[in-house]
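Whatever order the structure lists them in is the order used to number ligands and atoms, beginning at 1.
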Amino acid sequence: MEFQKRILVTGGAGFIGSHLVRRLVKHYPAYLIVNLDKLTYAGNLENLSDVKEASNYRFEKIDVQSLEGIRNVFQRHAITDVIHLAAESHVDRSIDGPLEFVFTNVVGTVNLLEVARSFWLDSFENRVFHHVSTDEVYGSLGDTGFFTEATPYDPRSPYSASKASSDHFVRAYYHTYGLPVKISNCSNNYGSHHFPEKLIPLMIHNLLNEKPLPVYGNGSNIRDWLWVEDHASAIDVIFHKGKLGESYNVGGLNEWTNLDLVHYLCDLMDRKLGKPEGSSRALIHFVKDRAGHDYRYAIDARKLTEELGWKPSLRFEEGLERTVEWYLRHPEWVEQVTSGAYQAYYQKFYK
Ligand code: NAD
Ligand code: DAU
């Protein structure tokens with residue numbers, strides 16, 4: 001079959017990447033979707049078991065740190081577009097060991113840009129390199145205000161510094177070589193298939209196992225939460241309709257303090273598990289704060305909603321309920337990702 005587009009999605013076996021790949025494979029049968037992923041601890045092909053046999057889906061186990069590996073994939077699949085998500089994504093791990101974040105997030109991104117530039121050199125017409133980034137590049141807000149696309153970059157963790165650096169390289173390739181790039185900067189995602197090192201799945205996992213719920217500092221830090229499938233729909237809209245050389249903030253105006261969110265999850269789990277009201281809150285345990293912990297993130301997504309017509313589809317309370325139900329229905333997924341290396345990780349970070 002002659003495909004209309006042959007899109008390389010990197011990091012497609014991870015949390016957001018797998019939701020995006022599923023969406024693209026199902027919504028666009030005329031596109032070939034090539035999922036390039038190294039399968040680190042965060043990548044899991046089980047996340048895509050429902051599309052793995054689709055005729056417009058391919059998987060390539062490749063490290064973005066390998067220029068040669070990326071070249072081969074471009075060549076074999078005649079790649080026409082890139083949506084780049086592969087990254088080391090956890091802030092706490094970046095504090096523990098920043099170098100892997102530089103190698104994957106910075107060098108890996110430049111490798112992809114470089115291969116795209118050389119393969120598309122004849123003509124950049126009808127080509128898109130969409131870089132998926134984070135709101136953390138903007139730094140930390142006080143009690144008021146929002147991140148807009150014009151907010152100056154001020155990354156404060158090794159993770160956000162590596163993402164900011166990759167964004168700068170993407171823009172540099174636009175200005176210097178005219179590479180047709182787009183960038184999206186999204187707030188905190190939640191939903192199914194989320195690795196239980198991040199706040200929401202970690203709390204759900206510990207609640208199910210009646211383990212302490214580690215809240216950093218006093219729990220007053222604020223995050224702006226978006227359902228992962230709404231992020232995937234935003235990437236779809238920006239990839240197809242966004243302007244070249246521009247960036248778009250993605251978020252759903254949904255700010256919660258960590259402590260309010262953990263309380264909400266405790267009460268939801270009490271109801272789901274038929275436990276006495278308020279009993280799970282007793283598991284909350286305040287622990288040492290994250291080093292350099294950003295206080296507040298909040299996204300102004302008006303450019304995306306007003307110019308491109310995107311809007312989130314789900315209220316947070318409903319999304320959380322669906323998420324918790326997914327974890328209750330998929331103990332085998334949780335068992336698989338938390339066996340082995342996860343135990344050592346947990347001991348190290350939450351001893
Ligand atoms: P994740 O950690 O769940 O998945 C990352 C994926 O990248 C995994 O499949 C992993 O195997 C793969 N990967 C890691 N290193 C690789 C390498 N060297 N080569 C090839 N593949 C590699 O991450 P996520 O939460 O799904 O985030 C995806 C992207 O979205 C990241 O770029 C992240 O910065 C960005 N983002 C995440 C959020 C969020 O809330 N999770 C919000 C905004 C932006
Ligand atoms: O804002 C987008 C970013 O959101 C993404 O770019 C990152 O990839 C993603 O990991 C996420 O970063 P955060 O650091 O905000 O997410 P995390 O789930 O690690 O933490 C959310 C908040 O909860 C943060 O204030 C720290 C706190 N926390 C986290 C954990 C894991 C706790 O209090 N206890 C915990 O055990």
Output the list of atoms in ligand 1 that are nearer than 4.0 Å to some heavy atom of [X], sorted by atom number.
{"X": "K163", "result": "31 (C), 32 (O), 33 (C), 34 (O)"}
{"X": "L39", "result": "11 (O)"}
{"X": "S133", "result": "43 (C), 44 (C)"}
{"X": "V132", "result": "30 (O), 32 (O)"}
{"X": "N188", "result": "40 (O)"}
{"X": "D63", "result": "17 (C), 18 (N), 19 (N)"}
{"X": "K38", "result": "16 (C), 17 (C), 18 (N), 19 (N), 20 (C), 21 (N), 22 (C)"}

Nitrogen or oxygen atoms of [X] and ligand 1 under 3.5 Å apart:
{"X": "Y41", "answer": "no"}
{"X": "Y159", "answer": "yes"}
{"X": "F15", "answer": "yes"}
{"X": "L36", "answer": "no"}

| message | Under 4.5 Å between side-chain heavy atoms, counting indirect links through other Ile/Leu/Val/Met/Phe/Trp/Tyr residues: same cluster for V107 and Y173 or not? | response |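 Hydrophobic grouping puts V107 apart from Y173.
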
| task | State yes or no: do L20 and L226 share one hydrophobic cluster built from I, L, V, M, F, W and Y residues joined by side-chain heavy-atom distances below 4.5 Å, directly or via other members? | result | no

Should the pair [X] and [Y] be classed as cation-pi, given the thresholds of under 6.0 Å to the six-membered ring centre and 45° from the axis?
{"X": "R315", "Y": "W227", "answer": "no"}
{"X": "R296", "Y": "F146", "answer": "yes"}
{"X": "R290", "Y": "Y216", "answer": "no"}

Tell me whether ligand 1 is touched by [X] - counting only heavy atoms on the residue side and a distance under 4.0 Å.
{"X": "S18", "value": "no"}
{"X": "G108", "value": "no"}
{"X": "N105", "value": "no"}
{"X": "G12", "value": "no"}

| Which protein heavy atom lies closest to atom 28 (C) of ligand 1, and at what distance to 0.1 Å? |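 Of the protein heavy atoms, L85 O, 3.6 Å lies nearest.
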
| request: Output, in order, the C-alpha distance, side-chain angles, deciding distance and verdict of ring pair (Phe, Tyr, Trp, His ring centres under 6.0 Å) for H77 and Y57. | output: CA-CA 11 Å; H77 298 285; Y57 172 74; over 10 Å; no

| query | Mind checking what makes side chain to side chain donor-acceptor pair (under 3.5 Å) contact with N188, not counting sequence neighbours? | reply | none

| task | Check side chain to side chain donor-acceptor pair (under 3.5 Å) between N218 and all other residues, then give those that pass, not counting sequence neighbours. | result | S220

| Near-ring test H27/F239, centroid separation under 6.0 angstrom | no

| Who are the residue neighbours of ligand 2 when the rule is a heavy atom under 4.0 Å from any of its atoms? | S89, H90, V91, T134, D135, E136, Y159, C186, S187, N188, E197, K198, L199, L202, P214, V215, Y216, N221, R223, N258, R290, H293, Y297, Y350

| field | Passing candidate, side chain to side chain donor-acceptor pair (under 3.5 Å) with Y138, options N249, T148, D154, T151 | value |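 Exactly one option meets the side chain to side chain donor-acceptor pair (under 3.5 Å) with Y138, and it is N249.
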
| message | One residue to check: I62. Relative to ligand 1, which of side chain, backbone, both or neither has a non-hydrogen atom less than 4.0 Å away? | response |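 Within the 4.0 Å criterion, I62 contacts ligand 1 through backbone atoms alone.
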
Please tabulate, one pair per line, all N/O donor-acceptor pairs under 3.5 Å involving side-chain atoms of residues 193-201, not counting sequence neighbours.
{"residue": "E197", "atom": "OE1", "partner": "Y41", "partner atom": "OH", "Å": "3.2"}
{"residue": "E197", "atom": "OE1", "partner": "R93", "partner atom": "NE", "Å": "2.7"}
{"residue": "E197", "atom": "OE1", "partner": "R93", "partner atom": "NH2", "Å": "3.2"}
{"residue": "E197", "atom": "OE2", "partner": "Y41", "partner atom": "OH", "Å": "2.9"}
{"residue": "K198", "atom": "NZ", "partner": "S89", "partner atom": "OG", "Å": "2.9"}

| query | Given S89, S187, S162, which has its nearest heavy atom closest to atom 23 (O) of ligand 1? | reply |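 Ranked by closest heavy atom to atom 23 (O) of ligand 1, first place is S89.
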
| said: Assess whether a salt bridge exists between R71 and E68, defined as any Lys/Arg side-chain N lying under 4.0 Å from an Asp/Glu carboxylate O. | reply: yes

| query | Which class fits the ring pair Y342 and Y345: parallel under 30°, tilted 30 to 60°, perpendicular over 60°? | reply | tilted

| request: Over 60° means perpendicular and under 30° means parallel, so classify the ring planes of W333 and Y327, tilted if in between. | output: perpendicular

| Do S162 and S165 have side-chain atoms, one donor and one acceptor, less than 3.5 Å apart? |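 No - no donor-acceptor pair under 3.5 Å links their side chains.
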
